[in-house]
Amino acid sequence: MVGGGIFRHPGSEALRKKTDPSAPIPAKFEGNANTNTKTSNEVASSSNKIVTPAAPRDIPQPPLKPPASLFDFNKSWTTLPTPEGRWELLQHIPPTSLPNLFLTSLEPSMLVSILKDFISVLSSSPSESPKILEYMTNFPKVKRFSTIIMFLNREEAEVVQKVWSILRPNQKVGEDESKGWV
């Protein structure tokens with residue numbers, strides 16, 4: 001029989017000896033055993049102190065890098081907290097590159113998320129509408145886009161309508177640039 005390693009047959013060569021819970025703490029641990037204990041007066045006085053949170057710091061964010069893949073895009077998109085930050089990320093991708101980025105993997109939830117951010121950006125910066133229009137005209141070039149549009153629920157379809165009503169207030173969806181969206 002071969003012995004050794006961490007698994008040994010129980011007996012005199014056990015890796016760990018059983019200890020008596022009532023045995024005194026070994027000397028090497030005694031110094032640390034009582035360092036965290038406080039008297040009742042110390043606890044009472046420490047609980048009366050008012051602790052204020054540190055002031056938030058304006059930590060500069062690193063510049064966004066253009067995503068190399070859809071995985072990178074999704075990862076960056078979900079970690080950015082604001083529509084403006086996500087819009088900045090999207091602007092690193094030329095509108096004509098959307099079909100190459102999404103291939104056949106554009107999900108309805110991602111599309112709707114992008115559209116909601118378009119609405120937010122358009123309401124705060126109407127001057128961005130030509131850029132957003134470029135993205136809107138290139139999304140229908142993504143494979144499976146017509147299938148995605150076909151299966152949007154009513155609320156998601158209303159988001160599409162809202163973006164187009166902001167971009168083209170006097171135009172019905174399905175005319176000119178919005179043809180692929182119906």
**Q** Quickly, which of Val163, Leu90, Thr96 forms a side chain to side chain contact (heavy atoms under 4.5 Å, CB included) with Tyr135? Name it, please.
**A**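 Filter result, single survivor: Leu90.
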**Q** Classify the ring geometry of Phe102 against Phe73: parallel below 30°, tilted from 30° to 60°, perpendicular beyond 60°.
**A**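 Because their plane-to-plane angle is over 60°, the rings of Phe102 and Phe73 count as perpendicular.
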**Q** Quick one: CZ on Arg144 to CD on Glu107, what's the gap to the nearest 0.5 Å?
**A**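 Atom-to-atom, Arg144:CZ and Glu107:CD are 6.5 Å apart.
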**Q** Report yes if the side chains of Pro67 and Leu89 come closer than 4.5 Å at any heavy-atom pair, otherwise no.
**A**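 Yes. Closest side-chain heavy atoms under 4.5 Å.
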**Q** Using only atom types and a distance under 3.5 Å, with no angle test, would you say the side chain of Ser97 pairs donor to acceptor with the backbone of Asn100?
**A**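 No; zero donor-acceptor contacts below 3.5 Å.
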**Q** What are the two closest heavy atoms between Pro108 and Leu152, and how far apart are they?
**A**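 Here Pro108 and Leu152 meet closest at CB-CD2, 4.1 Å.
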**Q** Do Leu70 and Leu103 come close enough that some side-chain heavy atom pair is under 4.5 Å?
**A**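 Contact flag for Leu70/Leu103 side chains = no.
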**Q** Taking C-beta and beyond as the side chain, do Glu84 and Ser120 meet within less than 4.5 Å on heavy atoms?
**A**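 The answer is yes; the side chains approach within 4.5 Å.
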**Q** Looking at Lys162 and Glu158, does any basic side-chain N land under 4.0 Å from a carboxylate oxygen?
**A**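 No, no charged N to carboxylate O under 4.0 Å.
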**Q** Could you grab the distance from atom CD of Gln91 to atom CD of Glu134, nearest 0.5 Å is fine?
**A**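 The CD atom of Gln91 sits 10.5 Å away from the CD atom of Glu134.
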**Q** Could you tell me which non-hydrogen atom of Ser76 sits nearest to which non-hydrogen atom of Thr79, and how far apart they are?
**A**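 Distance-wise, the nearest heavy atoms are O-OG1, 3.0 Å.
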**Q** Would you name the heavy atoms of Lys141 and Thr137 that are closest together and state the gap between them?
**A**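 Smallest heavy-atom distance, with atoms named: CE-O, 4.0 Å.
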**Q** Return the CG to CG distance between Asn138 and Leu101, rounded to the nearest 0.5 Å.
**A**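 So the gap between those two atoms works out to 12.0 Å.
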**Q** Do the non-hydrogen side-chain atoms of Trp87 and Ile114 ever get within less than 4.5 Å of each other?
**A**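 Result no, sub-4.5 Å side-chain heavy-atom pair not found.
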**Q** Return the CD1 to CG distance between Ile132 and Leu115, rounded to the nearest 0.5 Å.
**A**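 The CG atom of Leu115 is 10.0 Å from CD1 of Ile132, to the nearest 0.5 Å.
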**Q** Can you check whether Phe145 reaches Leu98 side chain to side chain, under 4.5 Å on heavy atoms?
**A**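 Result no, sub-4.5 Å side-chain heavy-atom pair not found.
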**Q** Is any side-chain heavy atom of Ser129 less than 4.5 Å from a side-chain heavy atom of Ile166?
**A**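 The answer is no, as the side chains (C-beta and beyond) never meet within the 4.5 Å cut-off.
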**Q** Rounded at 0.5 Å granularity, tell me how far CG in Leu122 sits from NZ in Lys131.
**A**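 If we round to the nearest 0.5 Å, Leu122:CG and Lys131:NZ are 12.0 Å apart.
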**Q** I want to check something: taking the side chain as every heavy atom from C-beta on, are Trp77 and Ser113 in contact at a cut-off of under 4.5 Å?
**A**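 Of all side-chain heavy-atom pairs linking Ser113 with Trp77, at least one is under 4.5 Å.
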**Q** Tell me, do Arg168 and Leu133 make a side-chain contact under 4.5 Å, heavy atoms counted?
**A**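 Of all side-chain heavy-atom pairs linking Leu133 with Arg168, at least one is under 4.5 Å.
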**Q** With side chain to side chain contact (heavy atoms under 4.5 Å, CB included) as the test, pick out the partner of Phe151 among Ile148, Thr147, Ile149.
**A**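 By the side chain to side chain contact (heavy atoms under 4.5 Å, CB included) criterion, Phe151 pairs with just one of Ile148, Thr147, Ile149: Thr147.
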